[in-house]
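Down below is the structure, laid out as structure tokens.
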Amino acid sequence: MKLIKETELYEVYLTEPKDWKKIKEHIMKIENSAFEEEVRQDEDDIESTFTDEKSICLIVKDKKSKKIVAYTMSSPLEDYEFLRFDPHYGKYDTLYIESTAVLPNYQGKGIGKLLKEVLIEEAKRRGYKRITTRATNEIIVHINEKYGFRKVKYFKEWVGNRDAWYMELKLDNAPGGI
């Protein structure tokens, strides 16, 4: 793991595929506590993203306890067959944020925003032109819009029984969009 951002309370690390075995128990605890059963991802799905060289996966540690309290994981758009509707599919210029999760006791403390900021910077550094994600409630939509994401397409029951907005952020005024 590589420390890439530090705040007064938290450390953000970029993970590598080899880190999975050391962090998987923590990641699964966060996944299971942050999401309802019908929308949780299983360990195999999460592992496939965390161990893919093309993915950008970040974790947040509480500086005081050294405990992993949050993560976000993302991969190139082309890793997700269900995103073939996106006109950028096959262009290899878009990063898709698959999931962001924060332990319940740490929610509302700006950790999700910290992860989004660091992920956007890392995506730019790697040359991506766009970032896409889904938002399953108005809070997530609002947070994404604060960072420049815009609603692109609405889906009924996309994630479990949840409706969701597909959202995009163009990086550095890149052309494109849906």
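The first residue in the sequence is number 1, and the count goes up from there. These numbers come from a predicted model, not from an experiment. Any value given below was found using the heavy atoms of this structure, including those in side chains, with hydrogens, waters and symmetry copies removed.
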For the rings on F82 and F155, is their centre-to-centre separation under 6.0 Å? no
Within the side chain of E53, is there an N or O that forms a donor-acceptor pair under 3.5 Å with the backbone of P17?
-> no
(message) Check this for me: I139, atom CD1, are more than 12 non-hydrogen atoms of other residues, nucleotides or ligands nearer than 6.0 Å?
(response) no
Hits for salt bridge (charged side-chain N to carboxylate O under 4.0 Å, His left out) against E11, two or more places apart or cross-chain, chain-then-number order -> K66
NZ (K64) and CD (E8) are apart, to the nearest 0.5 Å, by 11.5 Å
Do K24's NZ or CZ and the ring of F50 fall within the cation-pi criteria of under 6.0 Å and 45°?
-> no
Check: Are L58 and I143 linked, directly or through other ILVMFWY residues, by side chains that come within less than 4.5 angstrom of each other?
Finding: yes
Next item on the list: Tell me, with the steps shown, if R130 and L169 meet side chain to side chain contact (heavy atoms under 4.5 Å, CB included).
Entry: CA-CA 6 Å; R130 295 169 68 235; L169 171 66; over 6 Å; no
**Prompt:** Do I68 and K29 come within less than 4.5 Å of each other through their side chains, counting heavy atoms only?
**Reply:** no
Exercise. Within a strict 4.5 Å, meaning less than it, do heavy atoms of the L103 and I111 side chains meet?
Worked result: no
Ignoring hydrogens and geometry, is there a side-chain-to-backbone donor-acceptor pair from E168 to T132 under 3.5 Å? no
* **Any donor-acceptor pair under 3.5 Å from S65 side chain to K67 backbone** => yes
Does C57 offer a backbone N or O that forms a donor-acceptor pair with the side chain of T15 under 3.5 Å?
yes
Salt bridge present between K113 and E117 (N-O < 4.0 angstrom): no
Can you tell me if D19 uses its side chain to pair, donor with acceptor, with the backbone of E16 under 3.5 Å?
yes
| query | Hey, does K129 have a side-chain heavy atom less than 4.5 Å from the side chain of L171? | reply | no
Hey, is CD on E25 packed in by over 12 heavy atoms from elsewhere, all under 6.0 Å?
-> no
- Query: Would the number of heavy atoms belonging to other residues, nucleotides or ligands and lying under 6.0 Å from NZ of K5 be above 12?
  - Reply: no
State, with a plain yes or no, whether a side-chain heavy atom of K109 is found less than 4.5 Å away from one of Y10. yes
Can you find a heavy atom in the side chain of Y80 that is under 4.5 Å from one in the side chain of E98? yes
Exercise: do D86 and Y166 side chains pair donor with acceptor under 3.5 Å:
yes
In I23, V12, L14, the residue satisfying side chain to side chain contact (heavy atoms under 4.5 Å, CB included) with M1 is I23
Run the numbers on S74 and E122 for side chain to side chain contact (heavy atoms under 4.5 Å, CB included), then give the verdict. CA-CA 11 Å; S74 57; E122 184 64 18; over 6 Å; no
Between the main-chain N or O of M73 and the side-chain N or O of T100, is there a donor-acceptor pair closer than 3.5 Å?
no
Here the pair of heavy atoms bringing T72 nearest to S99 is OG1-O, 3.0 Å
With side chain to side chain contact (heavy atoms under 4.5 Å, CB included) as the criterion, how do V60 and V102 come out once you've worked through the C-alpha distance, each side chain's angles and the decisive distance to 0.1 Å?
CA-CA 9 Å; V60 175; V102 180; over 6 Å; no
Rounded to the nearest 0.5 angstrom, the CD1-CD1 distance for I30 and I59 is 8.0 Å
* K116 and L119, any side-chain heavy atoms less than 4.5 Å apart -> no
When rounded to the nearest 0.5 Å, the distance separating OH of Y71 from CD of E31 is 3.5 Å
Before you tell me yes or no, could you show the steps for L83 and T94 under side chain to side chain contact (heavy atoms under 4.5 Å, CB included), namely the whole-Å CA-CA distance, both residues' side-chain angles and the distance that decides it to 0.1 Å? CA-CA 11 Å; L83 296 174; T94 303; over 6 Å; no
The reported gap from OH in Y147 to NE2 in H142 (rounded to nearest 0.5 angstrom) is 10.5 Å
Check whether any side-chain heavy atom of F149 sits under 4.5 Å from a side-chain heavy atom of I97, and report yes or no.
-> yes
In this structure, CG of L77 is separated from CD1 of I131 (nearest 0.5 Å) by 12.0 Å
_Between K151 and N144: side-chain donor-acceptor atoms closer than 3.5 Å_ = no
The reported gap from CG in D52 to CH2 in W20 (rounded to nearest 0.5 angstrom) is 13.0 Å
Tested for side chain to side chain contact (heavy atoms under 4.5 Å, CB included) against P76, the lone hit among Y89, Y128, Y96 is Y128
Are M167 and E145 side-chain neighbours, meaning at least one heavy-atom pair lies under 4.5 Å? yes
In short, V152 meets W165 closest at the heavy-atom pair N-CE3, 4.3 Å
